[in-house]
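The structure presented is a predicted model; accordingly, all values stated were derived computationally and were not measured. Hydrogens, waters and symmetry mates are skipped; everything else that's a heavy atom, side chains included, is used.
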Amino acid sequence: GEAGIENIVTVYTPTGNLSTALGRHSALDSCSAGTWTSPSCSSSGDSSSSNGTTQAQWLGLLLNELTKISCTTFSQSASLATSTVELYSCPQSTASSINSVDFTSWQPEEHCTRLQNVAPATDTRGAVSFSGSLQVAADSTCARPVPFESAQAILDEEVAKLRVASSHLSEKDARRQVSTTDRVVNCYCKQQEAETGIASFRSPPFDKTPAKRLCRQWILSKLERVGLLIVGVLAITVLNEILVLTLDFFVKWERHDTRTSMTYSQFMKLFAAQFVNTGLIVLLVNSNWHGTFSNIPIVSLFRFGEGSYDDLEADWFVAVGSGVCLTVLIQIFSATIPGILWSKFAHPVMLSFYRRELVTQESLNALYVLPEWSLAFRLAQLMTVAGVVVMYSGGMPLLNLLGAAYCFMAYWLDKWCLLSGSLRPPQYRSDMLKLAADCFPVAAFLHTLVTLWSFGNQNVFPSDFSWLHSFFGWLIGQNEDDYLATTMDFHLSSDLERSNLFGEYVHARMLDMSRGSCWLLLCIFLVFLAYYAVAILIRFLLYPLLKPFLVAVRGWCCAKLEEDTGKMNLEEATPGMVAKGLRPSYAIRSNPQYSVLLHSLAAGHSEVSDAIAEHAVSRAAKNSRASSRRLTGAIGRNSSVPSCVFSAAAMNNNQTASQQLPGAAVFSMHRI
């Protein structure tokens, strides 16, 4: 690359030192007067030599100091241009002993660390093919084995470099920082873990083998990351349960007049809160915006955009994506099993313990009545899991399997719990299900956005630009030259410089959405954008202006339709209504579908009339007995005649009263 030309000391090939043959200035500074051809290549591009053997084809550049190379560019002969070039990075220990190496048998893959392959451009200008600017990055796939000597040398060199830059940094902290950030050491430890076994490699003691001693801090950082991941997932699950209780409490304060409106409000709030907590906050907290939106109060308050990842790269899927998958996996059991446990196990246990201690009807009802099945709670959980799965499944296909497992478990366990272990729910309107169905297009839009950004990352899903490249570049105002310059500047910049380039980098990065790996999703994404743009424009801007005209057009159409069909009276329209199965009368007795209802109403009316008459007779008898008791008691207290004589006289003079009120005679005899 241009930034590293001044640092090149010597150029090596399988035949030895090439600097003298090409000349220092012409070959290394401008590459215009000197070219290099592998000794195993013929004029036809065949890599086999005349004796039938295949020789090594490599070009080595020796630098005067430890240098971080981030990009490279070169030119090739158009007739012999290669489409793939392998890059290797050699430690300083290898460079110091390069003069004593037998180049004819020396292989870079045995002594150096493989980087990501680069694919030079195929554009030709005459007899020369220019590669274009190619990013130099470590091999994130770890496909080639990393030698122990190479990993140890890089670890020691980086640790020494860090301790020189920060004198207060201990060797332990420096080794941990290098082990977690350097891709070469990371690949070596991953390969050793795969070879030894994750349980054996990550279990102490960590000084049992040279590989475990080298990867000690890497192992500890992985264990710490797993612990934090589990704690984070559990925190999300607990917070979702707290949201259920809190929002249920606040919804009751809204004083809804119907169960449907209350359940609808619960579902809306629960779904919004749980989806943000499960699917969005984890993305916002772990993203790194390089201080672009730090002046927004809510962003700085919740520390959004202060994470470790400024793109959806491979490390993001390992650290953050695995947490999302684990959260969905826990939801499979935490959202479906508690209802069964309560209705089938906890409720019978409570009956056996408390049924003999309760004596009031209210307490017995509270104990014996089955628990209520919350439609709002279960629908909100279902939509949260479905929304998260649809949103992230493009880059993490495992989520599709987890979502299918959740639907299977939720269907059968909810069916069992609802039909045999829950109180019969009330009747609801279809408002909640319509709202849930309206949420799926929004989830599909988020799916296209996240998947386009993931597939466009060339370090994760490399691909060429598609046929939509020019159109989409014109649509967003970005061309390929500006894209290459901006992305290269961003990757070569320091963290402080990236804060000024992040907005331009995101704008340039949008052009990756037109890559060949995601052109179909880009078409769907553009359709979504057009639909929502038109819908928002009509609903909030055009509809208030066009509403009077729409009402006028609707009224004119209805009037025109009535003129065409003509007006008919009831007698004329009756045959047509009967032929269509319609009843030409509002009288309920003329509709046979209500015959059962009318019969029930008539029977119920007669029963109610008999009950009212019986109640009137009983009430009159009760009032007469009460009046007789009051009269007898008053005379008995005020008269000087003995009570038994008065009672006999009363019985002789008013036989009907004594027959209706026998309690008076009994009361008088009792007083004697």
Side-chain angles (χ1 to χ4, degrees), residues 227 229-254 256 258-260 262-271 273-275 277-278 325-386 388-389 402-428 432-433 436:
L229 177 64
I230 295 175
V231 171
V233 170
L234 293 178
I236 292 176
T237 304
V238 173
L239 184 57
N240 284 339
E241 298 299 327
I242 295 176
L243 287 173
V244 171
L245 300 177
T246 305
L247 294 178
D248 182 68
F249 176 75
F250 284 113
V251 166
K252 292 180 180 178
W253 280 12
E254 296 176 356
H256 294 275
T258 62
R259 289 293 299 271
T260 299
M262 184 182 72
T263 308
Y264 183 86
S265 178
Q266 287 176 335
F267 164 68
M268 271 199 317
K269 294 175 175 60
L270 284 175
F271 171 58
Q274 291 185 352
F275 180 76
N277 181 50
T278 306
C325 294
L326 185 58
T327 302
V328 175
L329 179 62
I330 291 179
Q331 288 291 325
I332 295 177
F333 304 99
S334 64
T336 57
I337 294 181
I340 292 295
L341 293 179
W342 175 256
S343 61
K344 296 298 181 180
F345 297 98
H347 189 255
V349 170
M350 292 181 62
L351 284 177
S352 62
F353 274 98
Y354 297 105
R355 61 185 178 182
R356 297 182 179 180
E357 300 178 4
L358 303 179
V359 294
T360 63
Q361 188 65 42
E362 183 179 359
S363 59
L364 288 173
N365 290 341
L367 180 63
Y368 278 89
V369 172
L370 293 174
E372 183 177 357
W373 194 80
S374 178
L375 176 62
F377 173 61
R378 289 298 297 121
L379 187 58
Q381 286 183 326
L382 174 63
M383 292 301 300
T384 299
V385 174
V388 172
V389 168
L402 295 178
Y406 176 84
C407 293
F408 178 82
M409 293 281 291
Y411 174 78
W412 288 107
L413 293 183
D414 284 349
K415 185 177 182 179
W416 184 21
C417 181
L418 175 62
L419 298 181
S420 63
S422 300
L423 183 66
R424 178 178 295 179
Q427 294 183 352
Y428 297 103
M432 283 180 293
L433 297 181

Between [atom1] of [X] and [atom2] of [Y], what distance do you get to the nearest 0.5 Å?
{"X": "I337", "Y": "C417", "atom1": "CD1", "atom2": "SG", "value": "12.0 Å"}
{"X": "E254", "Y": "M262", "atom1": "CD", "atom2": "CE", "value": "10.0 Å"}
{"X": "Y428", "Y": "T263", "atom1": "OH", "atom2": "OG1", "value": "4.0 Å"}
{"X": "R259", "Y": "L375", "atom1": "CZ", "atom2": "CG", "value": "10.0 Å"}
{"X": "L419", "Y": "D414", "atom1": "CG", "atom2": "CG", "value": "10.0 Å"}
{"X": "T336", "Y": "R378", "atom1": "OG1", "atom2": "CZ", "value": "6.5 Å"}

Would you mind reporting whether [Y] and [X] have side-chain heavy atoms less than 4.5 Å apart?
{"X": "V388", "Y": "Q331", "result": "no"}
{"X": "K269", "Y": "F250", "result": "no"}
{"X": "K252", "Y": "D248", "result": "yes"}

#### Entry: Backbone N/O of L367 and side chain of H347: donor-acceptor pair under 3.5 Å
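Present.
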
Restricting to non-hydrogen atoms, name the atom on [X] and the atom on [Y] that form the minimum distance, rounded to 0.1 Å.
{"X": "I332", "Y": "Y406", "answer": "CA-CD1, 3.6 Å"}
{"X": "T260", "Y": "Q427", "answer": "OG1-O, 4.1 Å"}
{"X": "S352", "Y": "V349", "answer": "OG-O, 2.7 Å"}
{"X": "L402", "Y": "C325", "answer": "CD1-O, 3.5 Å"}
{"X": "L270", "Y": "A380", "answer": "CB-CB, 3.6 Å"}
{"X": "M383", "Y": "A436", "answer": "CE-O, 3.4 Å"}

### Query
side-chain contact (heavy atoms from CB on, under 4.5 Å) with T278: which of T327, V328, V233, T237?
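Of the listed options, the one satisfying the test is T327.
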
### Query
In this structure, are over 12 heavy atoms from other groups packed under 6.0 Å from Y368 atom OH?
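Yes - once you tally the heavy atoms of other residues, nucleotides and ligands closer than 6.0 Å, there are more than 12.
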
### Message
Can you confirm if the aromatic rings of W253 and F249 lie within a centre distance of less than 6.0 Å?
### Response
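Ring centroids of F249 and W253 are less than 6.0 Å from each other.
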
### Message
Between F377 and Q266, does the side chain to side chain contact (heavy atoms under 4.5 Å, CB included) criterion hold? Intermediate values first, please.
### Response
CA-CA 8 Å; F377 173 61; Q266 287 176 335; over 6 Å; no

### Query
Between Y411 and C407, does a side chain to side chain contact (heavy atoms under 4.5 Å, CB included) hold up when you go through it step by step?
CA-CA 6 Å; Y411 174 78; C407 293; over 6 Å; no

### Task
Give the intermediate values and the outcome of side chain to side chain contact (heavy atoms under 4.5 Å, CB included) for residues Y264 and H256.
CA-CA 10 Å; Y264 183 86; H256 294 275; over 6 Å; no

### Query
So L370 and R424, side chain to side chain contact (heavy atoms under 4.5 Å, CB included) or not? Walk me through it.
CA-CA 9 Å; L370 293 174; R424 178 178 295 179; over 6 Å; no

